[in-house]
Amino acid sequence: MANFSKSNVPQFSVDVYQNEYLPEGGREVSAIVTVTATGGGTVGTAVAAPHLYSPGAGPSAAVAIMVDCSGSMDYPPTKMRNARDATAAAIDTLRDGVHFSVIDGTHVAREVYPGNGRLAVADPATRAQAKEALRRLSAGGGTAIGTWLRLADRLLSTADVAIRHGILLTDGRNEHESPEDLKAALESCTGRFTCDARGVGTDWEVKEVTGIASALLGTADIVADPAALAADFTQMMETAMGKEVADVALRLWTPVGTAVKFVKQVAPTVEDLTGRRTESGPRSGDYPTGSWGDESRDYHVCVEVPTANIGQEMLAARVSLVIPQPDGSVPNLGTQGLVRAVWTDDMAASTSINPQVAHYTGQAELAQVIQQGLDLRKAGDIDGATAKLGRAVQLASVSGNADTAKLLAKVVDVVDAPTGTVRLKAKVAEADEMTLETRSTKTVRVKK
């Protein structure tokens, strides 16, 4: 883990949107916390400690690319070629000075380049050597993704860098190790590197791929057509190269008598962070957010406060961004956000729902009912699936989530979007259903 000082990382700002007014006896306080990072490596400012940084090169980083080479990658034969081309495109996108490796993943994990437990350092020569080594990739064997992740972790840990990131491609189900083995591998890798996961074709398990990305604070997506892999890998690597600081935690302090109900990322995707809290001091806990570049994300914080009398007010929570360090120091990355509670007998004030809170409550429900509806559809519960997916259509319409609405329209016939009246389609392309499930957590931001 790299050492940081406040002067050489992106500047973080924290904005809080809430209705602070509670009725008499009211206890639940919700707020949307918008966190924005600006400056840092992508605009020419060093973000890592001096020994980890080359001027003008961006923050130091290490990347492991894990390519599924199981037997199913030969069907159709062009799939393996597309995977090699995509990996080559990702290698071409590496910034000079970035440490990297390529891993061949089957029922075991094998180093393709550079080998011998090492990482290569990207320059024109090593990029050419790595692309030449890709010719040795061929399909054969099973799938044990946990072994790929453990090898990536071992290799990435050899680099003294600011950012550690993985890119994982699979086309099949994790059939050659138990779910417990994959879970144990994910637990051992959590907090050590972030990872984007992609499923190519339609023979992989959505919950496995999204579970990997969720555990390792990366993105998940489907690439239904293998020919689109190169463009997707290029975009993933460009995004990884834009990250400026890793291991950022959202720190939540609450006063005595206040309980945290949940902390969720709600934009750009829904991710429940509640169970990932680590205690950081008296009445204070940290929630991991992963790596950041120049970007903005929204979080929904909900706390339960003690009851109070009309006219009283209190600080319900304090939010800040930190990077916990091995030596125990904790650089604060920007201004704090304050969540307040004020008790009032003004009915209009206490019953008003903040637009940001209302919007993201709907977006979180949208992700949930899509998953529930698709699960019910697979189980043969037509009425239950219709009700859930109808509610999803209604929520997507109300919130202006046009991308999700388009995906839903491939699974249901929309009779009336505002009321959520739909009919399940008799035939649905597997790729369309998997795309909806994989992208169900993607949200649109509230128009402020």
Side-chain angles (χ1 to χ4, degrees), residues 1-2 41-42 44 46-69 73 80-106 108-138 147-169 189 192-198 216 218 229-244 246 291 293:
M1 183 183 293
T42 59
V47 302
H51 72 287
L52 301 178
Y53 177 76
S54 299
S60 59
V63 180
I65 305 172
M66 293 160 271
V67 184
D68 191 335
C69 292
M73 286 293 287
M80 194 72 239
R81 187 180 73 233
N82 290 139
R84 283 193 292 263
D85 291 345
T87 306
I91 290 168
D92 279 335
T93 312
L94 287 165
R95 190 176 59 239
D96 278 352
V98 170
H99 301 248
F100 75 102
S101 69
V102 179
I103 294 169
D104 168 335
T106 59
V108 294
R110 182 176 65 88
E111 297 174 55
V112 176
Y113 183 82
N116 297 318
R118 299 175 297 112
L119 294 171
V121 178
D123 61 27
T126 56
R127 278 192 287 266
Q129 291 165 10
K131 288 187 288 185
E132 180 66 28
L134 295 179
R135 298 187 181 203
R136 299 198 297 270
L137 290 180
S138 60
T147 66
W148 315 355
L149 293 167
R150 289 183 187 277
L151 177 56
D153 183 32
R154 288 198 298 274
L155 293 171
L156 292 172
S157 68
T158 65
D160 188 11
V161 294
I163 306 289
R164 295 187 183 91
H165 190 74
I167 288 177
L168 185 149
L169 173 72
C189 295
R192 295 176 59 79
F193 66 95
T194 54
C195 185
D196 294 324
R198 295 294 184 267
L216 300 181
L229 276 174
D232 187 77
F233 267 45
T234 299
Q235 180 60 53
M236 267 196 295
M237 190 62 82
E238 286 175 350
T239 301
M241 292 298 94
K243 297 300 183 183
E244 302 159 322
S291 301

* Structure fact -> Heavy atoms of A62 and A159 approach each other most closely as CB-CB, 4.0 Å

* **D153 and R164 ion-paired at < 4.0 Å** => no

* Report yes if the side chains of L119 and T158 come closer than 4.5 Å at any heavy-atom pair, otherwise no. => yes

* Any F193 side-chain heavy atom under 4.5 Å of I163 side chain -> no

* Asked: Under 4.5 Å between any side-chain heavy atoms of S60 and H99, yes or no?
  -> no

* Structure fact -> Tightest non-hydrogen contact, residues P124 and D96, listed as CD-OD1, 4.2 Å

* Structure fact -> OG1 (T194) and CD1 (I167) are apart, to the nearest 0.5 Å, by 9.5 Å

* Structure fact -> Note: L134 and R84 closest approach over all heavy atoms is O-CD, 3.0 Å

* Of all the heavy-atom pairs spanning L156 and H165, show the shortest one and how long it is. => CD1-O, 3.9 Å

* Asked: Quick one: does E111's side chain have a donor or acceptor within less than 3.5 Å of a partner on G117's backbone?
  -> yes

* **D232/R198 salt bridge by N-O under 4.0 Å criterion** => yes

* Looking at D104, T87, V67, which hits side-chain contact (heavy atoms from CB on, under 4.5 Å) with V112? -> D104

* **Distance-minimising heavy-atom pair for S157 and R192** => CB-NH2, 3.5 Å

* pair L168-D196: side-chain heavy atoms closer than 4.5 Å -> no

* Asked: Salt-bridged, R95 to D123, with N to O below 4.0 Å?
  -> no

* Asked: So do M237 and L94 actually touch side chain to side chain, heavy atoms under 4.5 Å?
  -> yes

* Any side-chain heavy atom of F100 within less than 4.5 Å of one from T126? -> yes

